Enquirer: 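A single structure is presented below for examination.
All residue numbers refer to positions in the sequence shown, counting from 1. Keep in mind the model is a prediction, meaning the values are calculated, not measured. In listed order, ligands and their atoms are each counted from 1.
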Amino acid sequence: MSDLLKLGVLISGNGSNLQSIIDHIEEGSLKAVIKIVISNNPDAFGITRAKKHGIQTAVLKNDDFKDKEDFDSALIKILKKNDVELVIMAGFMRILTPVFLKAFPQKIINIHPALLPSFPGLHGQKQALDYGVKFSGCTVHFVDAGMDTGPIIIQAVVPVLDNDTEDSLSERILKQEHIIYSRAIQLFSEGKLTVRGRRVLATTGSAQGDAFLINP
Ligand code: GAR
């Protein structure tokens, strides 16, 4: 147990990415342990999912803190207390402050529902539809001070179909999110990710293959 990578997962909502990480851990394809799930939304369904699997949870409400730094300091305290080695943002709808980034340098990753650097921020799927791109997808990346700007670990490509709605495209992208997030965490846990400037190089060929998944 002790050599498993210790994860802290941050959520704000449904938590389907959290669920996929739990499932990969339970089926043995992801060698990690979730030490704690933290939500800034007390009603997040992801909290229920975590409890169902006996995972410790915490809720930090945005309004209970005087500013962003104060919130992040409380977050850091809980994560450090639980010896968290990698912070996973899984639909966590907040921008982290430099205080937090300094506490977990190169140890925070995020998933975004678009092929970054296209369509950062909110509603990445709708942005892609409205723009008219023929392919979109999802991106797992290290988190830096910008909005969805950190070095890219894995991307999966998804076609945009003529009859797509925001919902249908989101659903197709989400399926890929559930595959690539656990793969990125597993590569990190194996110490296989090297960051050189903006580029993340994997010491095996597997991340390279993952980067070109296309699944209708
Ligand atoms: C996911 O699609 C994730 O990529 C997105 O929120 C959703 C959370 O779903 N994140 C962002 O848009 C961050 N900019 P989930 O709660 O079911 O995992």
Side-chain angles (χ1 to χ4, degrees), residues 7-26 30 32 34 36-53 55 57-60 62 68 72 75 86-97 100-101 108-131 133 135-158 160 164-185 210-211 213 215:
L7 308 178
V9 184
L10 310 183
I11 61 164
S12 298
N14 181 27
S16 73
N17 276 290
L18 164 68
Q19 185 68 57
S20 80
I21 293 165
I22 294 171
D23 294 345
H24 280 100
I25 289 174
E26 289 186 352
L30 174 55
I34 301 177
I36 184 133
V37 171
I38 308 176
S39 174
N40 64 329
N41 167 14
D43 301 323
F45 183 58
I47 289 287
T48 309
R49 294 180 191 270
K51 286 184 174 159
K52 203 171 150 202
H53 290 264
I55 298 167
T57 62
V59 173
L60 295 182
N62 298 338
K68 288 193 171 83
D72 280 4
L75 206 54
L86 182 66
V87 179
I88 310 292
M89 297 175 73
F92 186 60
M93 297 306 185
R94 281 183 68 100
I95 302 280
L96 298 170
T97 64
F100 195 92
L101 298 175
I108 311 164
I109 62 176
N110 180 46
I111 189 149
H112 182 75
L115 290 177
L116 293 172
S118 293
F119 316 127
L122 292 175
H123 310 296
Q125 306 95 329
K126 181 168 188 308
Q127 291 185 56
L129 263 186
D130 290 349
Y131 196 91
V133 291
F135 290 92
S136 189
C138 46
T139 304
V140 180
H141 63 94
F142 283 107
V143 173
D144 66 8
M147 160 89 80
D148 300 322
T149 51
I152 290 169
I153 301 169
I154 298 184
Q155 295 186 301
V157 179
V158 165
V160 180
D164 260 335
T165 61
E166 186 182 350
D167 281 350
S168 63
L169 179 60
S170 301
E171 195 183 321
R172 197 175 315 113
I173 291 174
L174 200 56
K175 274 194 191 137
Q176 294 303 313
E177 294 186 37
H178 296 165
I179 297 169
I180 67 169
Y181 216 176
S182 288
R183 287 195 191 164
I185 299 167
D210 292 342
L213 282 177
N215 270 301

Enquirer: How would you list, by chain and number, every residue that makes a salt bridge (charged side-chain N to carboxylate O under 4.0 Å, His left out) with Asp23, sequence neighbours excluded?
Expert: none
Enquirer: State whether the side chain of Thr97 and the backbone N or O of Lys68 hold a donor-acceptor pair below 3.5 Å, judged by distance alone.
Expert: no
Enquirer: How far apart are the closest heavy atoms of Val37 and Ala50, and which atoms are they?
Expert: CG2-CB, 3.8 Å
Enquirer: Which residues pass the side-chain hydrogen bond (donor to acceptor under 3.5 Å, both in side chains) test with Ser118, not counting sequence neighbours?
Expert: none
Enquirer: Identify all pairs of nitrogen or oxygen atoms, one from ligand 1 and one from the protein, separated by less than 3.5 Å, and list them with distances.
Expert:
residue  : atom   : partner : partner atom : Å
ligand 1 : 2 (O)  : Glu177  : OE1          : 3.2
ligand 1 : 2 (O)  : Glu177  : OE2          : 2.9
ligand 1 : 4 (O)  : Glu177  : OE1          : 2.8
ligand 1 : 4 (O)  : Glu177  : OE2          : 3.3
ligand 1 : 14 (N) : His112  : ND1          : 3.3
ligand 1 : 16 (O) : Gly15   : N            : 2.8
ligand 1 : 17 (O) : Ser16   : N            : 2.8
ligand 1 : 17 (O) : Ser16   : OG           : 2.6
ligand 1 : 18 (O) : Ser16   : N            : 3.4
ligand 1 : 18 (O) : Asn17   : N            : 2.9
ligand 1 : 18 (O) : Asn17   : ND2          : 3.0

Enquirer: Asp164: which residues meet the salt bridge (charged side-chain N to carboxylate O under 4.0 Å, His left out) condition with it, sequence neighbours left out?
Expert: Arg172
Enquirer: Using only heavy-atom distances, determine whether the side chains of Thr149 and Asp144 contain a donor-acceptor pair under 3.5 Å.
Expert: yes
